[in-house]
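Everything on this sheet refers to the single structure shown next.
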Amino acid sequence: MTTVSEATPLSSAMRSRDATVRRFAFTDTVFREATRSSAVLVLLILSGVAVSLFAGSWEALSKFGFSFLTTEAWNPVTENFGALSPIYGTIVTSAIAILIAVPIGIGIAVFLTELCPRPLRRPIGIAVELLAGIPSIIYGIWGLFVFAPFLQTTVQPFIIDIFHNVPGLSSLFAGPPYGIGLLTSSLILAIMVLPFITSITKDVFDTVPAVLKESAYGIGCTTWEVTRRVVIPYTRVGIMGGVMLGLGRALGETMAVTFVIGNAHRISASLFAPATTISATIANEFTEADGQLYTSSLVALGLILFVITFIILAIARYMLMRIDARTGA
Amino acid sequence: MSTSLALHNRRKRRNGVMMALCVVAAGIGLAWLALILGALVYKGLSGVSLAVFTEMTPPPGDAGGLLNAIYGSIVMTVIGVIVGTPIGVLAGTYMAEYGRFSKLTTVVRFINDILLSAPSIVIGLFVYELLVRPMGHFSAIAGAVALAILVIPVVVRTTEDMLNLVPNALREAGAAIGAPRWVVIRSVAYRAALSGIVTGILLAIARISGETAPLLFTALNNQFWSSNLNAPMASLPVTIFQFALSPYEEWQQLAWTGALIITLTVLGLSIFARSLTGRREDR
């Protein structure tokens with residue numbers, strides 16, 4: 001785009017065209033770099049999270065070392081901190097929540113894709129997704145004032161009565177019924193992750209080619225057999241991705257659990273006992289933590305949570321990417 | 001013949017049972033929604049009055065309102081959206097327009113999806129280390145930054161998805177009349193994807209307006225009216241957290257009312273957002 005010749009009558013027009021092209025090229029470069037640096041910023045945020053958590057927890061990690069992960073004690077007075085009971089609470093509550101939510105979520109997805117009358121499909125789907133939009137603090141306040149008292153007065157005494165002389169189960173469901181505790185948190189978490197699992201399962205069910213289902217129906221399969229033998233095997237990876245995504249949410253969920261877990265730093269065999277999770281511990285104690293080591297230990301808990309959820313979510317995304325690649329979506 | 005009939009009946013029975021269970025599962029899902037909303041309306045509605053919107057949060061045992069908390073929530077949400085949206089839209093633009101097939105886009109998409117579901121309390125800790133500790137005190141700015149970080153992944157995701165839906169023929173038509181790339185993006189691609197991008201922003205607002213965990217140790221809380229961005233600021237979710245766990249009846253009632261306000265806002269925003277596009281993105 002250099003000037004052709006100074007002598008032509010068009011030269012001034014060419015010059016102004018040149019200037020315009022240069023201006024366009026300049027603006028385009030600026031815009032492209034702005035978008036590129038924003039994209040890079042997303043990476044920087046995540047690495048910033050990792051670096052700052054690591055830096056903040058350095059004091060605790062260097063003092064306690066690996067035993068931080070295996071110590072149950074959590075004593076701000078003697079400044080002796082261990083992450084075992086929050087880790088235990090986090091994993092147990094999330095695992096129970098997933099065990100409850102997965103069958104229900106798959107059931108709803110089957111209902112929505114196979115059974116539901118067409119006009120109702122969208123409204124019910126949206127209603128389930130609205131559950132996902134309700135802020136977690138709402139689940140918390142509902143759990144504390146409505147759900148926990150209900151469990152305390154009706155469900156828990158009943159369960160304790162049934163199992164009190166069954167070996168094994170008697171310690172799992174040992175009283176007294178506080179209402180709040182591990183099981184209550186698990187149930188609230190199950191309600192919270194249900195919409196995530198449902199909507200992803202429904203999405204991957206929709207990717208099953210109609211021909212596959214029709215040929216199964218054609219040889220006389222029932223709806224259940226089509227679901228069990230065709231739809232679920234075809235979408236297994238996607239369902240696992242959805243479950244992992246739900247698990248990631250459950251592990252990091254803070255406010256709902258903080259309300260109903262009871263915040264007790266100990267590991268009890270009973271599911272009715274108060275306990276704590278990583279996120280609940282941070283939410284409850286961070287602003288009141290005095291002393292560098294206390295704060296640093298709480299940040300270390302955050303780092304552990306970050307690493308666990310990062311791994312789970314990465315696996316979830318990897319699985320969902322595989323099913324996306326297959327459908328070409 | 002009789003065995004095959006028995007088999008047929010068994011299969012039909014089994015199918016009936018499993019399908020009934022699926023209907024029950026759907027019933028459970030809808031029942032929870034009804035139970036939670038019902039409890040919210042029942043407990044929250046009785047506390048709704050003009051005072052809630054005109055008076056400050058009261059000291060323990062007194063009547064009062066939620067004005068400073070509502071104000072704080074709006075201020076921090078607005079700043080969070082104003083800061084987070086341009087970054088999210090630009091990053092999404094890079095991924096869908098300039099670098100659609102680049103390595104960077106694949107990595108950013110993966111990381112962004114993780115950020116999308118990362119525990120918000122961890123984001124709170126990050127902003128605490130980033131801003132609160134160096135500044136030496138809690139502040140509304142720190143809270144707004146934490147919210148902005150939550151806005152970005154939602155907006156990135158929807159912007160990229162929506163721009164990818166814009167037909168390439170439109171872009172080529174723009175390029176064919178000599179428009180430079182950024183003009184094509186601005187006047188063709190953005191315009192075609194506008195409603196989808198707005199949906200993403202609304203969903204982001206819906207998400208952050210109920211977030212509590214990232215505000216706990218960034219913006220902290222404030223019993224009094226404060227419009228100073230460099231000082232702790234009250235917010236509706238944190239106030240609900242504090243009031244609900246208190247032993248005072250007036251505070252608990254205000255917590256329920258605040259919870260009702262937040263839920264209606266969030267549900268209203270997400271229903272409105274969905275009505276704009278009719279398709280779901282925030283996976």
Side-chain angles (χ1 to χ4, degrees), chain A residues 24 27-28 31-32 34-36 38-39 41-43 45-46 48-49 52-53 55-56 104 107-108 110-111 115 124 126-131 133-135 137-138 141-142 144 146 191 194 198 200 222-224 245 248-249 252 254-255 279 282-283 286-287 299 302 305-306 309-310 313-314 317, chain B residues 11-12 14-15 18-19 21-23 25-26 28-30 32-33 36 39 87 90-91 93-95 98 104 107-108 110-115 117-119 121-122 125-126 129-130 149 152 156 180-182 206 210 212-213 216-217 220 237 240-241 244 255 259 262-263 266-267 270 274 280 283:
Chain A
F24 275 178
T27 329
D28 202 39
F31 189 65
R32 192 181 65 233
T35 62
R36 217 170 82 96
S38 299
L41 187 68
V42 174
L43 300 184
I45 289 174
L46 198 82
V49 172
S52 69
L53 288 183
I104 300 180
I108 299 178
V110 172
F111 174 79
L115 301 174
I124 294 182
I126 289 177
V128 172
E129 281 171 19
L130 286 184
L131 268 174
I134 296 179
I137 191 159
I138 307 298
I141 191 172
W142 180 78
L144 180 65
V146 182
I191 302 171
L194 183 62
T198 304
I200 290 186
T222 60
T223 313
W224 167 243
L245 205 59
R249 292 269 175 173
T254 309
M255 298 321 293
S279 48
I282 302 173
F286 198 82
T287 44
V299 178
L305 178 65
F306 178 71
T309 48
F310 186 93
L313 292 172
R317 287 303 164 189
Chain B
R11 286 176 53 211
K12 276 191 82 168
R14 200 186 168 89
N15 185 53
M18 294 316 290
M19 291 305 118
L21 284 179
C22 289
V23 176
I28 291 175
L30 293 178
W32 285 124
L33 186 66
I36 292 173
I87 298 174
L90 285 176
T93 307
Y94 176 80
M95 293 158 73
Y98 288 110
L104 178 65
V107 177
V108 172
F110 191 75
I111 294 298
N112 187 67
D113 280 347
I114 286 178
L115 215 50
S117 329
I121 193 153
V122 168
L125 282 178
F126 167 56
E129 296 287 340
L130 186 75
I149 293 178
I152 292 173
V156 169
R181 196 92 182 251
W182 70 278
T212 318
L216 283 175
F217 26 82
L220 202 67
I240 293 174
F241 178 52
I262 288 192
T263 309
V266 169
L267 290 187
S270 32
R274 272 167 229 284
R280 182 189 139 69
R283 168 155 117 195

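Below, read A as the first sequence line, B as the second, and so on, with proteins coming before strands; counting in each chain starts at 1.
- To the nearest 0.5 Å, the span separating CH2 on W142(A) from CD1 on I191(A) amounts to 4.5 Å.
- Interface residue L144(A): only side-chain heavy atoms are found under 4.5 Å from chain B.
- When each of I126(A), L194(A), L131(A), V146(A) is checked for heavy-atom pairs under 4.5 Å with chain B, L131(A) comes out on top.
- Judged by distance alone, with hydrogens and angles left aside, the side-chain atoms of S117(B) form no donor-acceptor pair with the main-chain N or O of I114(B) at under 3.5 Å.
- Both the backbone and the side chain of F241(B) come within contact range of chain A, judged by heavy atoms closer than 4.5 Å.
- The CG atom of D113(B) sits 9.5 Å away from atom CG of L313(A), with the distance rounded to the nearest 0.5 Å.
- Interface residue I87(B): backbone and side-chain heavy atoms are both found under 4.5 Å from chain A.
- Chosen from L41(A), L46(A), T27(A), the residue pairing most often with chain B at heavy-atom distances under 4.5 Å is T27(A).
- Contacts between V107(B) and chain A at a heavy-atom distance below 4.5 Å involve backbone atoms as well as side-chain atoms.
- Only the side chain of I138(A) comes within contact range of chain B, with heavy atoms under 4.5 Å apart.
- In this structure, the portion of T309(A) lying under 4.5 Å from any heavy atom of chain B is its side chain and not its backbone.
- Rounding to the nearest 0.5 Å gives a distance of 9.5 Å between CD1 of I262(B) and CD1 of I141(A).
- T254(A) touches chain B through its side chain: at least one heavy atom from C-beta onward sits under 4.5 Å away, while N, CA, C and O do not.
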